[in-house]
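Read the structure below first, then the notes.
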Amino acid sequence: MQCSHCHLEFDEKMLLKVPINGRDEYFCCKGCEGVYRLLHAEGLEDFYNKLGTNSLEPVKDSKQSLDSFDSTPFFERYVCQKDGYCELALILERIHCIACVWLNEKILEKIKGIIKVNINYTSNKATLLYDPKIIKISEIIQAIRSIGYDAHAYDPRLQESYAQKEKREYYIKMVVGIFCVMNIMWIAVAQYAGYFSGITPQMRNILNFAGFALATPVMFFSGIIFWRGALSALKFKTPNMDLLVISGASLAYIYSIYASFKGLETYFESVAMIITFVLIGKFLEVRGKKSAIDSLDKLNAQMPLSVRVIKGDVSQEVSVESVKVGDVVQVLPGDRVALDGILLSQSALCDESAINGESLPRQKSEKDSIYSGALALEIPFLYRVSKTYKESLMMQIVSLVENALNARPKIQEVANFITRHFSAVILSLAFGTFLYWEFALNAPFDKALMVMISVIIIACPCALALATPIASLVGLGEAFKCGILFKEARFLETIAKANVLVLDKTGTLTEGKLKVKNMRKFGELESSVLVAMLEQNTHPISCGVLEFIKENYNNNKNILLDKITQKSARGILAQYNGSVYLGGNLELLREQGVRIPQLDESDCSVFYFAKDTELIAQFFLQDSIKQDAQSVIAKLKAQGIHCVLLSGDHLKACESVARELGISEFYGNQSPLEKAEFIDALHTKGKIVVMVGDGINDSVALSKSDIGIAMGGGIDLAISVSDIVVLDDSMQGVLESFRLGRRTYHFILQNLGLSLVYNALTIPLAMTGFVIPLVAALSMSLSSLLVVGNSLRIKGK
């Protein structure tokens, strides 16, 4: 049965039955009931007619029923199967520092049924692998809530609203803090003036009370964000940045109340400023993170929520998740294609720049592939869906980009280790500083206390925690703008350290569109058999020969081969009418015992066609080198990267290409296993290897290399076997991968250096009494902003 508001399906026993306007309505939670009543009270019930068959997110409120997380629609929409388990992505709320991330990870890892947990600090996205037979999603959410945090399902299309909600919460609390600070400063001026010119006890008490009245809402309303984190830190014995802020502010607040009664100097203005300055810093940090991830959010914003499915003569608007393989979808001009499929119309003009960065529209013909993310131009068209929404190309790209940050660079693990113990060390240093000033230096109690507070406040674990993830995030965003997809953030670090680049030839250095330059016949060419064989293979050589045969032999008839076998890196073997036909290289012919006459050497790629043991024809194909290949190779060599050409093509063709591009080391006639062995040999020499290939024959070598880069021509296979995908299929993308990897890693090191130097300089200054709490709070916020601002510089050239 459906919820009357959100239209999600639930078991009737799980729904709330509520009589409204003389009829029974059913709701999955109180939040949905509240919105339903509000819409009807305001005369907006027509909303449900406009909603049609689409569904909504259940309304989030503090008393939301956890049962909605276990509903079938929720499971189908947000959960995917992986390695026999279920994978779920959640966005955690109230995350303030790396210790919050660490706490949630540790608590979730201890829960029976959860196999793996990974939480990203920059996006607050938690990716969980769990066993649905042991634990429910509602139990996972409840565990998160029990430690003072909250979570909702990660939906790329709703992230903007959640980001706005987080910014709004910070903004309101920040405005209250700024208002109180501006007023409390006038009180502080009056107090300090009174100390020098004289002030009556009554007036001093009035000013102290006014300071108390203004500092209290800052402490307990604006500071609630830090109180939540601090209480969780105490509960689970994991000191964090929130605990440092609250410890310093609370000590100053309590002491100021005591000082008010004793007639001593108070520090209410310090309390308000500490909370407000740090809050402003956190607000700007949230905005900085949002700015860094904006380029990735644009991916999600491009995808439509619903499509028009054609059933007979009827067009029905349905959600993209509901579309099944085989459905026929209509796309109008200006619409973005939501799912992959096969074109049914005679033609279509599509802008695929969102997928591969190609600026010119692409003309499609009947039976051509249509990819999600493409923009329809000029005329409407129909296509048959070949993949579900989750499996379509654009969602694969979106998923790839979103998951890229989950695998942390090695350098981040070092920073995280330091950060986890940072707060405990600072609290110990602060207490030791207090004891030293109080007993060794015999300083006044309030002076020792203020020094201790300064030490607590000025230390900044957030700058250290942000150093790697924020730079990685910006680097990944810039890479995507250039049409480059990094599967994991750690590959930015790996490619930055790489010193050898191994390149395939066909489709990598060359256009991959081989054309037959010449043909030599030794017998009767059975073109129909050859066409039937070649249509089963997508290798560039096969495509080139197939195009040549279709253009020059018009009497081809469709035949059905008895059997066809693909021979990896060698060619095709087929059986027809009792004969064995071979198409491929010399190695295949020799392997099958074909008699080979005296052949002339050539620097072209050669395709051989044979019947039984007789050679029938020899095709000479030539490929053109990519326009940017020569300049890219020159620039890579100038950066100290050794380039190697490693191809399955014959040696003469490899030599010709290598000579033209200035590559000194080249190898031809390499099988997939020989390529992999070559990569292994480089590893034994201590080399860090990047391999660029087409993602098919080079799959073994790609997996053996430290970084595998696949050109975007065969996009599905490229995504599955590589670490980096160059969507626009250009060599410039390879160069940009190296540039962005090195630039991002350089800024990560800069960020770590800045945060470590900041703490190394400022903490001793605070311990020696040269920094007051106000300056400490301002300095702490600025250090985090410095790291965020420095990371955004990656966007430059």
Side-chain angles (χ1 to χ4, degrees), residues 97-99 188 223 226 229-230 233-234 237-256 258-259 264-279 281-282 414-415 417-467 751-787:
C97 67
I98 195 68
F226 306 115
L234 289 173
K237 300 176 183 177
T238 56
N240 59 12
M241 187 212 75
D242 295 339
L243 186 59
L244 294 180
V245 173
I246 290 301
S247 297
S250 297
L251 287 170
Y253 182 76
I254 293 168
Y255 174 77
S256 296
Y258 166 78
L264 303 172
E265 182 181 354
T266 61
Y267 296 94
F268 287 119
E269 73 280 2
S270 296
V271 174
M273 288 186 178
I274 288 169
I275 296 290
T276 303
F277 284 164
V278 178
L279 195 57
K282 292 300 291 182
V414 178
F417 176 80
I418 296 171
T419 306
R420 283 198 293 270
H421 302 282
F422 187 90
S423 298
V425 171
I426 294 303
L427 288 172
S428 300
L429 283 174
F431 184 66
T433 301
F434 172 79
L435 294 177
Y436 178 77
W437 277 79
E438 177 71 10
F439 298 107
L441 299 180
N442 292 318
F445 175 81
D446 62 332
K447 175 64 175 176
L449 182 65
M450 287 303 109
V451 172
M452 179 175 75
I453 290 170
S454 296
V455 174
I456 292 173
I457 296 299
I458 205 166
C460 189
C462 279
L464 191 60
L466 275 172
N751 288 346
L752 289 172
L754 285 170
S755 58
L756 289 171
V757 168
Y758 161 80
N759 284 293
L761 291 177
T762 57
I763 293 171
L765 282 174
M767 292 173 71
T768 51
F770 287 105
V771 180
I772 61 173
L774 299 184
V775 175
L778 183 61
S779 178
M780 178 190 193
S781 297
L782 288 175
S783 64
S784 290
L785 295 179
L786 184 64
V787 166

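For the pair Trp437 (side chain) and Thr768 (backbone), a donor-acceptor distance under 3.5 Å is absent.
Of all the heavy atoms in Ile246 and Gly223, the pair that sits closest is CD1-O, 4.1 Å. Scanning all heavy atoms of the two residues, the minimum distance from Leu449 to Leu251 falls at CD2-O, 4.1 Å. Pairing each heavy atom of Ile275 with each of Ala249, the nearest pair is CD1-CB, 3.9 Å. Considering every non-hydrogen atom in both Val451 and Thr433, the closest pair reads CG1-CG2, 3.5 Å. Shortest non-hydrogen contact noted between Met452 and Ala430 is CG-O, 3.2 Å.
In this structure, CG on Asn751 lies 10.5 Å from CG on Leu756, to the nearest 0.5 angstrom.
Taking Tyr436 as the reference, nothing meets the ring-ring contact (aromatic ring centres under 6.0 Å, His included) condition, with sequence neighbours excluded. In this view, Pro444 and Asp446, Lys447 satisfy the side chain to side chain contact (heavy atoms under 4.5 Å, CB included) rule, not counting sequence neighbours.
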Determine, stepwise, if the pair Ile763 / Ile426 fulfils side-chain contact (heavy atoms from CB on, under 4.5 Å). CA-CA 9 Å; Ile763 293 171; Ile426 294 303; 3.4 Å; yes
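Ring centroid separation for the pair Phe434 and Phe439 does not come in under the 6.0 Å cut-off.
Among residue pairs with one or both ends in residues 245-255, those qualifying as side-chain hydrogen bond (donor to acceptor under 3.5 Å, both in side chains) are Thr216-Tyr253; sequence neighbours excluded.
For the pair Leu765/Ile458, no side-chain contact is recorded, criterion being any heavy-atom separation below 4.5 Å from C-beta on.
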